[in-house]
Amino acid sequence: MTQEFLTTVFGWMTVLNIALLGFTTLMILALQDWIAGIHGRMFQMEQADVKRAYFRYLANYKVLTIVFCLMPWLALKLA
């Protein structure tokens with residue numbers, strides 16, 4: 001594997017993960033009460049707890065995307 005190939009892979013991986021994060025964020029914001037109600041009934045959780053879980057999910061996904069996708073791509077671009 002060449003550095004050029006790895007740069008391309010990490011670049012597209014970053015784009016796809018950020019797109020998925022953005023889509024998920026928009027869906028959670030747009031359908032917040034409806035989807036929290038469904039998930040609350042599925043997992044026997046209060047809606048406030050479900051919304052906290054959404055926030056935790058989005059925060060963790062963002063950090064993981066930055067650490068495992070964006071930073072390697074940036075390091076390869078600067079090398």
Side-chain angles (χ1 to χ4, degrees):
M1 281 195 240
T2 64
Q3 181 177 349
E4 190 176 305
F5 175 74
L6 286 174
T7 304
T8 303
V9 168
F10 279 109
W12 280 109
M13 192 166 61
T14 302
V15 168
L16 292 173
N17 277 292
I18 289 175
L20 180 62
L21 179 64
F23 176 74
T24 305
T25 302
L26 288 175
M27 290 297 104
I28 287 174
L29 289 175
L31 306 171
Q32 191 173 39
D33 293 328
W34 179 69
I35 199 72
I38 290 174
H39 287 142
R41 286 191 303 273
M42 283 174 60
F43 300 110
Q44 290 84 34
M45 295 172 66
E46 296 294 323
Q47 274 197 345
D49 294 333
V50 173
K51 290 179 182 182
R52 267 192 295 272
Y54 290 157
F55 182 77
R56 199 173 316 121
Y57 158 74
L58 291 173
N60 288 337
Y61 196 89
K62 179 176 62 175
V63 168
L64 290 172
T65 299
I66 290 170
V67 170
F68 290 110
C69 300
L70 183 62
M71 287 301 125
W73 175 78
L74 192 60
L76 286 166
K77 282 299 253 189
L78 294 175

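Being a predicted model, the structure only gives us computed values, none of them experimental.
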If you measure from [atom1] on [X] to [atom2] on [Y], what distance do you get to the nearest 0.5 Å?
X     : Y     : atom1 : atom2 : value
Leu31 : Ile38 : CG    : CD1   : 9.0 Å
Leu70 : Met13 : CG    : CE    : 10.0 Å
Leu16 : Leu21 : CG    : CG    : 12.5 Å
Ile18 : Ile66 : CD1   : CD1   : 7.5 Å

- Please identify each residue that fulfils ring-ring contact (aromatic ring centres under 6.0 Å, His included) with Tyr54, with sequence neighbours left out. His39
So, using side chain to side chain donor-acceptor pair (under 3.5 Å) as the criterion, who are the partners of [X] when residues are at least two apart?
X     : result
Tyr57 : none
Asp33 : Lys51
Arg41 : none

- Task: Answer with yes or no whether the hydrophobic clustering places Trp34 together with Met27; edges join I, L, V, M, F, W, Y residues whose side-chain heavy atoms lie under 4.5 Å apart.
- Result: yes
- Contacts of Gln3 meeting side chain to side chain contact (heavy atoms under 4.5 Å, CB included) (sequence neighbours excluded), chain-then-number -> Thr7, Leu76, Ala79
- Query: For residues 12-23, which residue pairs qualify under side chain to side chain donor-acceptor pair (under 3.5 Å), counting only residues two or more places apart or in two chains?
  - Reply: Asn17-Tyr61
- Return each pair, listed once, that meets side chain to side chain donor-acceptor pair (under 3.5 Å) where at least one residue sits in residues 64-79; pairs must be two or more places apart or across chains. none
- Message: Looking at every heavy atom in both Pro72 and Val67, which two are closest together, and how far apart are they?
- Response: CD-O, 3.3 Å
- Query: Do you know which two heavy atoms are closest between Ala36 and Gln47, and how far apart they sit?
  - Reply: C-NE2, 3.9 Å
- Between Asp49 (side chain) and Met45 (backbone), is there a donor-acceptor pair under 3.5 Å? no
- Message: Applying salt bridge (Lys or Arg N to Asp or Glu O under 4.0 Å) as the test, list every pair that has at least one member in residues 1-26; sequence neighbours left out.
- Response: none
- Task: Could you name each residue pair satisfying salt bridge (Lys or Arg N to Asp or Glu O under 4.0 Å) that touches residues 5-20, not counting sequence neighbours?
- Result: none
